[in-house]
Chemist: 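The structure follows.
In the text below, chain A, chain B and the rest are named by the order of the sequence lines, each starting its count at 1.
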Amino acid sequence: MRRPPRRYRVRPLVVTSVVVAATTFGAVASSGCSSAPIDTPVRSLQSSGPVSFVCLGDPDDALEALARPLSDCGPTVLNDADGDDEDDFRNPHLYALVTQPNLGQVAVVDLSTSEGVIDVNVASPGKNFLPVGAIPTDIVSTPGSTATFVASAESSFERIYALPSDRIRSGAPTLTSWPTCALPAAPGEMELVLDPADGTGAVRPSCDGAYGDPDPNDHDNGDLDRELLDASTPGRLKLLVTLPSEGGIAVIDAQELLDRPAGTSDACVIERWLPLEVALNPPPPPPAPQGQACVSPETATSATGASFDPLPAGIAVAGERLYVADRNAPVIHRVQIDDPCDPRELPPLVTSSAEDPFRVVVTSELAVSPLTLDLKRFLYAVDIYDGSLMVYDVSDEGGSVEPLQRPDPAANPFQPRDRVFFGSPPRELVSIRQQRDDADPVTGSTIPLRCDPDPNASGPATEYRTGSDYESGASPFLLRGVFTLAVLENGDIAVIDVDDFDAPCRGPSDQTAARGCEEPLESGLVTSDEYSCRTVSPHEPRAGSYLLSADGIADREPGINAFPLLFSSEGTVVQLDAEENSDAPRMRALTGVGSRVRVGSSFEEIDDAGLAVSDPTEQTLIMNLADPRAHIVNQDWSVTYEGTIPGFSGRFAELVETDEGFRLSELTSAFCSRGVQSRGALVDRLVAPPPEGEGLSEEAAISQANPLADYVQIFSDFPVESDPYWDAQDECTFNACNAVYGSTEAPREARDLRILEAYEDTLELESRASIPDGAPRLKCCMPGVVEFRVRPGRQWTVVGSTVRFLHRMTVAEDGTCRPSCDPISELENGRVREAPSGAAVSPDDPAAFINPFFQFAINAGESQRDMQFRFTTKGSFEPLILTVVTNDENVQPTAATFLPATRELVVSDGSLQGITLIDLDDLVISRQIN
Amino acid sequence: MSRSRPSSFRATAAALVAGLGLSLGAGSCFFGAEGREPPADRLYFPTGVLVSPGATTLYVANSDFDLRYSGGSLMALDLPSMRQRVTEIVDGLAEGQSSVALCGAAGPNTDAWLYPGPCGPHALAPFIDNVVFIGAFASSLLLTHEPNGDRARLFASVRGDPSITYFEVHDDRDGSSAPTLDCGQAATYQPGAEAGSELFCSADFRLGQDPDRNLRGLQLPADPVGLAANATGEAIVIAHQTQASASLVVNDWATRPELAYFVPNLAAGPTEVAAIPEPAFVALAREQAQAQGRPFVYRSGFAVTFRGAAELNLLRYIPDSGSVPPRPFIQRELAVGVFTTASGFDSRGVAIIDTERAACEETCGGVADALACLTACAENVPLKIYMANRSPASLLIGDMRMIVNRAVDDDGVEQITSATEDVFFFDSVPLDFGASRVEVGEIVDPSGELVERIFAVAFDTRRVFVFDPFEHRMEAVIRTGRGPHDIGFDVGVDADGDSFAFLYVGHFTDSYLGVVDLDRRRPTTFGNMVATIGEPEAPEDGT
């Protein structure tokens, strides 16, 4: 179940869009004869792609002095009143180099001034960019800003362009202004890695050269070795370039390319070529859960035996390891690159889906987290086809080659156990460690510490606790730790907790199992007193608010707007405190689960019998507080006696008479997938030995199952009385049909057909009522296709306005509908069997109803079809969502990069929004440049 | 009914050219109106471009968008002759010929901004094989072929009537050529002769106008735009842009096509339609089920896009063969949300490709259990669906998966009982403003092989994007003239066994055809316009 996330909209601070009044052809045309010109905003940047950054000083300086490490450029934005700040080079300027894939150009954006997009050719109208080959796919800059490399996938002219930094701010460069080399195929993504110096500090000029050999070339376009020496990281920079169609990675010496004369395009010197391999050796699948009366989920040994050609996609480097996503093969490649001149492929990570083990899972983008405080490292990968995230532990020790699974998947069946879903597929992933480098102003410490909730503790770690006014300290809005940002295709940015250093101080003061806490349970903690121990949960979406209900802070504890109300089948309220309703069914909370429930704006106490202390005549229930993320949305609920199972209205089925009764067929009804429970499924359970079944004989089981089995209610009218059909046959008449079967407004029981067996597209039926001898055949009365409803027998159906009818039915191997044994479905319940009148019910009672949201039981009364309890849940989980969508929803992120110098996330837009910079300290849009 | 065309209306119509704000009132009727007959020798706001499967004919629908004439026209152009001329140009360019020698009578290009390419415009007249006149505002073309026969029918959605106008045309799948274009017109086109009203299609060929011709007494809803046919050409589904509806024409090869039904209350702005290719196992499963006297159900499906809703609909064709008389209808089975962009609204072109599945199915030829093999192909190899969106301008990419239902029969044998498709979108690629048509075509790769590509047209920004679905990357961005609208592919293998691939771009704004080289063995011309067919003419009240 995917839900559209609510947006935590970040506040735009500065918007520096270039707005020019223009009269375009389209503007004139659409205005027809109107005399008033229409002002149309014209933006400099068009569809934008990957971005890199350089820090540059005064243009009059020589290149060695001009190029600075990014750390020399801070977040300061000059904004002189006289508007000439772009010429102020007292401090170096930070530049973003923004690829323009549809133009084959790179735009230069000055992030240190209000100038924004730089015009590199003032002699030509408009803002002019740096020309590179068509369809630039990636861009990387050297750490010391000496040069930038752009990969271009122009057909037949696949190239890498080297852009020396002294030529990118002016001078009307052309395609022949750059040193270039030709690739044998279209490039994909690219990384710059270091071929380190040997123990003596000597560098080798090429992979085949010896350490200490002189470099034969002059470095007229920039000396990268010198740049590295200045950074105290001696070595040689190598470009790792993926060539997707060739299925491998090329290693190219960056200095050799930079040293080439401008305008030449000889073949690139590929020093090493690493053909990626698809070595499928996944671990054996865990044994499938078994059951006597349920269907085991399918297991598969992934794609073993199949062969795949690699198609490298997104890449990520962490330490001495390169990870490569694969769009074609179900693996994530791992390459050891401590020596880039000797890259070695390691056994890959296996991409798989626990929910659909036969699916070939392929990936697009990757991000590797910085080390956590426990020295763990995690890799996040985008599953292309279902748009979800997988997480792998890629720590040096104790990692796993398969996606991590959530520890308690049954508590939240709306997320797959090995996936994180969002409202829109992730386009790009960025993993960050958010921590200020200078001494913390509160603790004075520069060493990251976990927040300590121990009431007896003291010292710096206690200073991170949530302030009593919730205005300081640990909070949903303070990112302190390791996080992954998933930039979604709809422009939202979801924040994933990897290692929130403040997590220990977020949660209940007094821990209980019902609140999702694990042994040993502790009490009296100094925490935010949020309701669940899973307020912060590793590798899950971060909460967008405090998870508690307190005046002026938040109202996020799950509850109900008001006590449930019981309505008769005619729609009138049935009050339990009225004497005439003493035989009415009633809803009560299960016992031993919790002592209170949030109702409206107050907490109501629940007694040991599961009734509201303030008024025992109220219908009530109790909420589940273990997993906040299970409360995916606030919604209206109906609990209806023999209520219709949703999903079948408006469908026209073929009804055929058979020897046993009837067969109803409808291609797209998906009876199993919508939760139909046949008599056959019930019998299977009843004859199964305890504890799953009741060990009954088949005859006894059928007897018990008959009244409980779902039934079809035919919901079509007969042909109208004047229809020639009635004259064309003499077997039945309109009046006779009406007398036996009634109308859709007043249907008789003869329209009810018990479901003996259910398949995904077909139901086998028998009449539920006894049809009098001589009565017209149903098929005679209903000669065409029929509309129908499906109702359970003598049970209540629980239907949410968003999640609809939860159930565990699946398709068994023989095609019948049977419940799944998969434990993740444990709480996917939508049927309530009645408990004896007046009895309190504990959670282990067969009459107890528990779903992911709440728990209750219904005491039997004079229940009638369509009698209904109604209530509305509140306090759903809202994730922390940033967004680049401001006024214009025409956005589609294409790339995202973390800019450490300013602690901003830079998001490129494939539409016209240019680049958006988001301040990750304050979670606001700091700049938007287009 | 409006039969006069005041100049103010013409001005407004011309103004709409820029944005293709093609919205007409439900009662609009522009057909055979008084006034000048449409020109038979020139393109005029071309909207539909379609290449016959034998690559002998290029059909072009002219829309008469500013209503200068009394209707639009449909042209059958001599494709081999155009190909020969274009091939001479690209070969000459590869050999380094001068533009004077290369361009001949067309001369060197003097306005590369208006119509990119090395040469001036080539005259259209020598390439015209046949012409008929139709109503104004033609939108799309569709060609269907008789199963196991040798007949072909061409359908045009015409908004001015409104009608679905059809033509009996030559089936050139065997490579034979004939310029047949029969829509009941009173006379035959004669090259060079003055064309008159006798070239207008007769009412019998304009479907949807006469309610007495169908069992339900229906007339075609206004604004027919996109249309598509199922594999047999029996069911044709048409989107009606302003009516939130889709209609069904049943194309009976034994008699004639007729409007049969329309489904109302769809989302706002149905725009384009694509038929879902039928998997090969369906025919076999149907055959086996019939032999065993048990049911098997598969219904032809159609994907419909919407301008006003972030969704794609799947419609199903129900022949209603159990009724007497059958009254076929279409039903909306599924509305698939678009969540892969910020808004997901304003969808335009849609294309579905089954190449990978078809390749899988070909491997089942000699397999003992062909049904199992073909079914496995259908279940394991999803179709790809591509849809152009304008808000934001993007190419949405999705999968169309086959769901096969089975049950174990009384003998304990598993039988296939039904099958249907499901769709979801999982990715998007940025395009440029004005994304409109999406078509599946082929290019010639560096080794000379024809390989499939997705082509997405951006009307406003004068670009055609070429997307490689196998490497998932944009391969080329073709710069066109103003207002690229529909595209057609002249692709095949010549007498020498050498592959060729050219793209024909109907330029709506300036009323000409541009030809693009799609052969990667020619690096300098691949992805570039190399020829202009027809004299470009700016809109009367445009720029």
Side-chain angles (χ1 to χ4, degrees), chain A residues 2 4 25-26 28-33 46-47 101-102 104 134-135 137 153-157 186 188 244-245 311 313 327 364 384-387 423-425 427 489-492 652 654 656 665 667-668 670 759-762 784 811 813-816 885 889-892 894 909-912, chain B residues 8 11-12 14-19 21 295 297-299 316 322-323 331 333-334 339-344 391-394 399 403 405-408 414 417-420 424 426-433 446 460-461 463 465 470-477 520 523-524 526-527 542-543:
Chain A
R2 294 190 200 182
F25 171 66
V28 171
S30 61
S31 65
C33 298
Q46 294 197 21
S47 179
N102 292 347
I135 313 175
T137 58
E154 182 173 350
S155 285
S156 304
F157 300 96
S245 63
L311 185 64
R327 281 188 168 272
S364 55
I384 293 176
Y385 291 118
D386 70 0
S424 180
R427 163 66 69 186
E489 293 196 355
N490 66 2
D492 287 345
F652 294 89
E654 186 181 12
V656 177
S665 301
L667 169 62
T668 59
Y759 303 86
E760 193 70 338
D761 56 356
T762 304
V811 183
E813 276 192 15
D814 63 357
T816 58
V885 179
E889 288 204 330
N890 281 323
V891 298
Q892 45 183 336
T894 54
D909 180 36
S911 202
L912 292 180
Chain B
S8 60
T12 308
L16 288 172
V17 165
V297 181
Y298 174 82
R299 294 169 180 158
R316 294 283 171 191
S323 302
Q331 190 175 31
E333 173 187 298
L334 194 64
F339 302 111
T340 50
T341 55
S343 78
S391 178
S394 51
D399 261 4
I403 300 165
N405 296 314
R406 297 175 172 85
V408 175
E414 187 178 84
T417 57
S418 61
T420 186
F424 69 102
F426 58 84
D427 204 353
S428 66
V429 177
L431 298 176
D432 264 349
F433 265 1
D460 298 21
T461 39
R463 290 194 173 107
F465 291 83
F470 308 106
E471 291 189 26
H472 189 83
R473 68 182 186 89
M474 205 60 81
E475 183 171 42
V477 181
R520 280 195 60 185
T524 54
F526 171 76
T543 58

Chemist: Checking heavy atoms, do the side chain of B:D399, its backbone, both or neither come under 4.5 Å from chain A?
Modeler: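 Only the side chain of B:D399 comes within 4.5 Å of chain A.
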Chemist: I'd like to verify something: which residue of A:T668, A:T137, A:T894, A:L667 has the highest number of heavy-atom pairs under 4.5 Å with chain B?
Modeler: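 The candidate making the most pairs under 4.5 Å is A:L667.
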Chemist: Using a 4.5 Å cut-off on heavy atoms from C-beta on, say whether the side chain of A:T816 contacts that of A:Y759.
Modeler: yes
Chemist: Identify which part of B:R316 has an atom lying under 4.5 Å from any heavy atom of chain A, answering side chain, backbone, both or neither.
Modeler: neither
Chemist: Report yes or no: do B:S343 and B:S391 form a side-chain donor-acceptor pair below 3.5 Å?
Modeler: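 Their side chains do contain a donor-acceptor pair, which is all the 3.5 Å distance test asks for.
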Chemist: Hey, which of A:S245, A:A153, A:G104, A:S364 has the most heavy atom pairs under 4.5 Å with chain B?
Modeler: A:S245
Chemist: Tell me, out of B:A419, B:G344, B:G527, who's got the most heavy-atom pairs with chain A below 4.5 Å.
Modeler: B:A419
Chemist: Quick one: which of B:S394, B:A393, B:A476, B:S428 has the most heavy-atom pairs under 4.5 Å with chain A, could you say?
Modeler: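 Winner by heavy-atom pair count: B:S428.
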Chemist: Which bit of A:E813 is near chain B, if near means a heavy-atom gap under 4.5 Å: side chain, backbone, both or neither?
Modeler: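 Only the backbone of A:E813 comes within 4.5 Å of chain B.
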Chemist: Quick check on B:P446 against chain A: is it the side chain, the backbone, both or neither that has a heavy atom closer than 4.5 Å?
Modeler: neither
Chemist: Heavy-atom distances under 4.5 Å only: say whether B:F470 touches chain A with side chain, backbone, both or neither.
Modeler: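 B:F470 touches chain A through backbone heavy atoms alone.
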Chemist: Can you say whether B:E475 sits under 4.5 Å from chain A via the side chain, the backbone, both, or neither, judging by heavy atoms?
Modeler: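 Answer is both: backbone and side chain atoms of B:E475 are under 4.5 Å from chain A.
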Chemist: Given the options B:T420, B:V477, B:D427, which has more heavy-atom pairs under 4.5 Å with chain A than any of the others?
Modeler: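 The candidate making the most pairs under 4.5 Å is B:D427.
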Chemist: With the side chain counted from C-beta on, respond yes when A:Q892 and B:V429 share a heavy-atom pair under 4.5 Å apart, and no when they do not.
Modeler: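 No; the side chains remain at least 4.5 Å from each other.
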Chemist: Under a 4.5 Å cutoff for heavy-atom pairs, which residue among A:S155, A:G491, A:A313, A:S665 has the most contacts with chain B?
Modeler: A:S155
Chemist: Rounded to the nearest 0.5 Å, how far apart are CD1 of A:I384 and CZ of B:F426?
Modeler: 7.0 Å
Chemist: Atom CG of A:L311 and atom NE2 of B:H472: how far apart are they, to the nearest 0.5 Å?
Modeler: 9.5 Å
Chemist: Among side-chain atoms of B:S418 and B:N405, is any donor-acceptor pair under 3.5 angstrom?
Modeler: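 A donor-acceptor contact under 3.5 Å links the two side chains.
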Chemist: Is B:R520 in contact with chain A via its backbone, its side chain, both, or neither, using a 4.5 Å heavy-atom distance?
Modeler: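 For B:R520, heavy atoms of backbone and side chain both lie under 4.5 Å from chain A.
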Chemist: Rounded to the nearest 0.5 Å, what's the gap from OG1 on B:T341 to CG on A:N890? Could you check?
Modeler: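 These two atoms lie 8.5 Å from each other.
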Chemist: Would B:R299 and B:E333 count as a salt bridge (Lys or Arg N to Asp or Glu O under 4.0 Å) if you check the C-alpha gap in whole Å, the side-chain angles of each, and the deciding distance to 0.1 Å?
Modeler: CA-CA 11 Å; B:R299 294 169 180 158; B:E333 173 187 298; over 6 Å; no
Chemist: Measure distances from B:L334 to the heavy atoms of chain A and classify the residue's part below 4.5 Å as side chain, backbone, both or neither.
Modeler: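 When you check distances to chain A, no heavy atom of B:L334 falls under 4.5 Å.
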Chemist: Any heavy-atom pair between the side chains of B:D432 and A:Q46 that's under 4.5 Å?
Modeler: yes
